Structure formats: C-alpha cells, structure tokens
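All ligand and atom numbering here is 1-based and tracks the order in the structure. Note that the coordinates shown come from a computational prediction; the quantities given were computed from them, not determined experimentally.
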Amino acid sequence: MDFDFTPEDEAFRAEVRDFLKRHLPKTQTPEALAEWQKQVRAKRWVGFAWPKEVGGGGGTLSQQVILKEEMAKAKAPALGTCFMGLAWVGPSIIEYGSEAQKQKFIPDILDGRYQWCTGYSEPGSGSDLAALSTRATRDGDEYVVNGQKIWTTIAMWSQWMILLVRTDPSTESKHEGITCLLVPMDTPGITVRPIKNMSGGSIFAEVFFDNVRVPVENRLGEEGQGWRVTVSALAHERSSIAEVAGLQRSLEELEALARKTRKNGRPATQDRGVRRRIARADARVEAMRLNGLRFLTKQLKGEAVGPETSVNKLQRAALEIELGELALEVQGAAGVLDREAAPEKGKWQRMALSWPEVVIGGGTPNIQRNIIAERILGLPKDP
Ligand SMILES: Cc1cc2nc3c(=O)[nH]c(=O)nc-3n(C[C@H](O)[C@H](O)[C@H](O)COP(=O)(O)OP(=O)(O)OC[C@H]3O[C@@H](n4cnc5c(N)ncnc54)[C@H](O)[C@@H]3O)c2cc1C
C-alpha cells in the first residue's frame with residue numbers, strides 16, 4: 001500500500017507552506033483577516049476543488065486535502081467566510097442548479113458576500129429528516145411555504161437559507177415529494193427566534209414560515225427531487241478528511257496543556273491515566289487519518305464515497321467529547337472555572353460544552369451506527 005502523495009502534490013504542499021510562511025496573519029484584526037481573504041481568493045484557494053468555469057480553483061481532490069491539512073496545521077483562518085455556502089450549499093448548486101442559479105449564487109459564496117443557513121430539521125423530524133412536514137404549495141410562479149424549522153445554525157445572521165419542504169404529501173415513500181428551495185431570509189412571513197444553548201450563547205434558532213412566497217426559479221433541482229439534493233449535500237458535510245489535521249492540532253495542544261499542568265505534584269503528562277488516554281486518542285486520530293486516505297483513494301479512482309464516511313463522523317464525535325473531557329480533567333479543580341478565570345481563557349471549557357455541534361449536527365452517533373450496521377456491515381434492519 002502506498003501512502004505517499006505524488007511529486008506534483010508534494011510540490012503543491014511546498015507552495016502552500018511557503019505561502020503560509022509569508023502571508024499567515026500575525027494578528028486577528030478585521031483588517032488582517034480581510035487582507036488574508038483577499039489573498040487566498042486571488043490564489044483561487046476558496047472553492048479550490050470547484051470547477052474553474054464557476055470561479056473555483058479547479059484543483060484536484062488530493063491537493064484540496066493537502067491545502068486543508070496545511071491550513072489546519074498552521075492554524076490559518078478559514079478559506080472564505082461563507083461557511084455553509086462553501087461546505088454544502090455551493091456544491092449542491094454546482095451539482096443541481098440551473099446556469100442562472102450558478103451565476104447568481106456561486107460568485108457571492110466565493111467572495112463571502114453573505115451567509116447561508118440550512119433549514120432541514122423540524123421539531124418532529126431530526127434524525128428521521130424525511131418525515132419533514134413544512135409544506136409548500138404551488139401558486140402560479142411561486143411556492144407558498146408554511147411550517148417550522150428548528151436548530152437552524154446562524155439563521156439570525158444569514159441572508160439566504162437552503163430549505164427543504166414537502167410539495168407532495170401523497171407519495172408512497174416519505175423520501176419522495178420533498179423539494180429544495182433557496183430562500184432569501186428577508187422574505188415577508190419568516191420569523192427567526194434564537195435558541196440559547198448550554199454554554200449561554202445563541203448560535204441556532206427556530207424559524208417560522210407563515211405564507212412565505214418563494215419564486216419557482218429559486219427551486220434547486222426538480223420538484224420532488226429534494227431528497228437527492230440533500231443526500232449529496234450531507235455527503236459533502238461528512239466527507240472532509242482535513243478535520244483530522246484539526247484534531248491532531250487539538251491533541252498537540254492538549255499534550256502541551258498536560259505538560260504545563262501539575263497533577264498530584266508532578267506534570268500531568270507523568271500521570272499514567274492521562275498518558276493512556278492521550279495515547280488512545282492519538283491512535284484513534286491516526287485511524288481516522290488512514291480511513292480518510294481510504295475514502296480519498298476511492299474518490300481518486302472515480303468511485304463514489306458513500307456510507308463509509310459515517311465511520312469517521314462517529315470517530316470524530318467520540319474524539320471531540322474525549323478531548324474536551326480530558327482537558328478539564330487535566331485542569332483538575334480549575335476545570336470548573338470559565339472564560340477569563342479559566343486556564344487558557346476557557347478554551348477547553350468551550351470545547352467541552354460545544355460538542356453537540358459536532359456530535360449531533362449532521363446526524364447523531366446512533367444514526368451513524370445504524371448506517372454502518374445496515375449499509376456497510378449488511379446487518380438486518382431493526383424491525
Ligand atoms: C449545534 C447544532 C447545530 C445544528 N444545526 C442545524 C442546522 O443548521 N440545520 C438543521 O436543519 N439542523 C441542525 N441541527 C439539528 C440536527 O441535525 C438534529 O438535532 C439531529 O439530526 C437530531 O435530530 P433531533 O434533535 O430531532 O433528535 P431525534 O432525532 O429526536 O433523536 C433523539 C435521540 O434518539 C436517537 N435516535 C433517533 N432515531 C433513531 C434510530 N432510528 N435509531 C437509533 N437511535 C435513534 C438519536 O440518536 C438521539 O439520541 C443542529 C443540531 C445541533 C445540536
């Protein structure tokens with residue numbers, strides 16, 4: 001088995017490292033970050049693997065992985081500022097959108113002109129997303145939407161939403177009759193109500209639709225094809241192997257924390273329990289990296305990546321929880337402090353409290369286990 005990248009890929013890695021050495025912002029001021037965004041956009045590294053015709057970089061998949069890995073290792077600011085637009089809305093528009101939609105949305109996503117949010121989950125349909133009931137009825141050239149979404153991340157700061165609605169409630173399968181719409185958040189009839197999370201902040205919201213009129217030209221894909229659009233969008237969400245570099249970095253930072261924190265009168269790195277847990281986390285991150293390379297190999301051979309990505313989603317969820325909990329344990333009594341009073345200004349406390357975003361968002365661990373059991377291991381479905 002050959003784990004090496006090609007010479008061209010390694011040359012690209014050297015180019016990225018060189019760029020980072022010269023241009024990585026030394027401060028996080030708005031001006032420094034704006035300058036960074038300008039430079040990475042000029043390099044066409046925002047939307048790096050998107051086709052050149054739509055303004056992307058036309059880069060290869062393996063080079064995209066290298067780019068994200070090097071960025072994560074260097075703790076570089078994000079490439080682009082339209083997070084969901086770049087992660088899955090843009091790829092879905094490229095795959096299913098009309099020419100007019102590509103022209104209208106893709107340049108703005110690349111330039112980070114506004115934010116997108118994702119209106120999938122509802123009070124009665126989260127894991128069982130296909131049971132969604134927000135209704136859209138056709139009225140001439142418009143759909144009229146009524147219903148409610150929930151847990152919609154950054155809905156209150158977004159200008160657009162990728163929304164799933166039911167256009168035909170009479171279909172035999174619940175996966176049919178669903179349609180995807182692209183909706184401006186300032187459309188009359190939309191009410192956004194932020195929800196407070198356990199760390200005291202509000203990053204998600206409930207969104208209510210009361211006779212919201214959406215032009216038919218804002219439909220993404222055909223009517224009734226929304227499930228297919230969503231499955232491809234969620235695959236984009238689950239497939240990133242570059243997250244491994246972020247986890248490796250967190251692990252290194254955790255080791256540094258353990259080195260400088262005393263536990264029972266000596267550095268925490270000399271505590272057998274802490275050492276064992278760090279070593280176990282390290283092995284799991286490495287397993288994730290190798291799995292990621294396996295998916296990448298499949299993609300490079302032109303094969304579709306399917307349910308296997310759930311393995312890494314599950315591992316990542318477990319690791320996020322483990323690293324946050326271990327950091328607080330290493331801190332000992334100081335682990336109960338928060339913000340300025342806590343070690344490293346509460347960075348680990350925030351990580352320990354923000355796990356739901358990674359663990360639940362995009363599908364819970366139980367759902368990933370179901371996918372692995374049924375679609376990878378071929379075990380029978382729970383009746
Ligand atoms: C921080 C955060 C951000 C989010 N952002 C968004 C967003 O931007 N847009 C959006 O649309 N949604 C978002 N979500 C919602 C998220 O996708 C759902 O919370 C998730 O899919 C679970 O759905 P639910 O909350 O309805 O839980 P439920 O589906 O009710 O699940 C409750 C429990 O039952 C288990 N369970 C359910 N079904 C099964 C089954 N068949 N087999 C075994 N166990 C099962 C689950 O694993 C879970 O433990 C976000 C969630 C969080 C926490």
To which protein heavy atom is [atom] closest, and what is the distance rounded to 0.1 Å?
{"atom": "atom 15 (C) of ligand 1", "value": "Ser121 OG, 3.2 Å"}
{"atom": "atom 37 (C) of ligand 1", "value": "Ser127 OG, 3.5 Å"}
{"atom": "atom 19 (O) of ligand 1", "value": "Ile360 CG2, 3.4 Å"}
{"atom": "atom 3 (C) of ligand 1", "value": "Thr153 OG1, 3.3 Å"}
{"atom": "atom 1 (C) of ligand 1", "value": "Glu357 CA, 3.3 Å"}
{"atom": "atom 52 (C) of ligand 1", "value": "Phe204 CE2, 4.0 Å"}
{"atom": "atom 35 (C) of ligand 1", "value": "Asn366 ND2, 3.7 Å"}

Could you tell me whether Thr364 and ligand 1 have an N or O pair separated by under 3.5 Å? yes
Report yes if Thr152 has an N/O atom closer than 3.5 Å to an N/O atom of ligand 1; otherwise report no. no
Distance filter under 4.0 Å to Asn370 heavy atoms, resulting ligand 1 atoms: 40 (C), 41 (N), 42 (N), 43 (C)
Compare every heavy atom of Ile93 with every heavy atom of Leu220, then report the nearest pair and how far apart it is. CD1-CA, 4.0 Å
Counting heavy atoms only, which of [options] is nearest [atom]?
{"atom": "atom 6 (C) of ligand 1", "options": "Tyr120, Trp151, Trp116", "result": "Trp151"}
{"atom": "atom 45 (C) of ligand 1", "options": "Ile150, Ile367, Val359", "result": "Ile367"}
{"atom": "atom 51 (C) of ligand 1", "options": "Gly361, Gly126, Pro365", "result": "Gly361"}

Is [atom] touching the protein, meaning some protein heavy atom lies under 4.0 Å away?
{"atom": "atom 33 (C) of ligand 1", "result": "no"}
{"atom": "atom 9 (N) of ligand 1", "result": "yes"}
{"atom": "atom 29 (O) of ligand 1", "result": "yes"}

I want to know whether [X] and [Y] have ring centres closer than 6.0 Å.
{"X": "Phe83", "Y": "Trp116", "answer": "no"}
{"X": "Phe12", "Y": "Phe48", "answer": "yes"}
{"X": "Trp151", "Y": "Tyr120", "answer": "no"}

Within 45° cone of Phe5 ring axis and under 6.0 Å: Arg13 NZ or CZ: yes
Cut-off 3.5 Å, side chains only: do [X] and [Y] have a donor facing an acceptor?
{"X": "Gln101", "Y": "Glu217", "value": "no"}
{"X": "Ser310", "Y": "Gln368", "value": "yes"}
{"X": "Ser170", "Y": "Asp168", "value": "yes"}
{"X": "Gln63", "Y": "Asp9", "value": "yes"}

Could you please spell out the steps behind the salt bridge (charged side-chain N to carboxylate O under 4.0 Å, His left out) verdict for Glu344 and Arg350? CA-CA 11 Å; Glu344 300 184 15; Arg350 278 194 298 282; over 6 Å; no
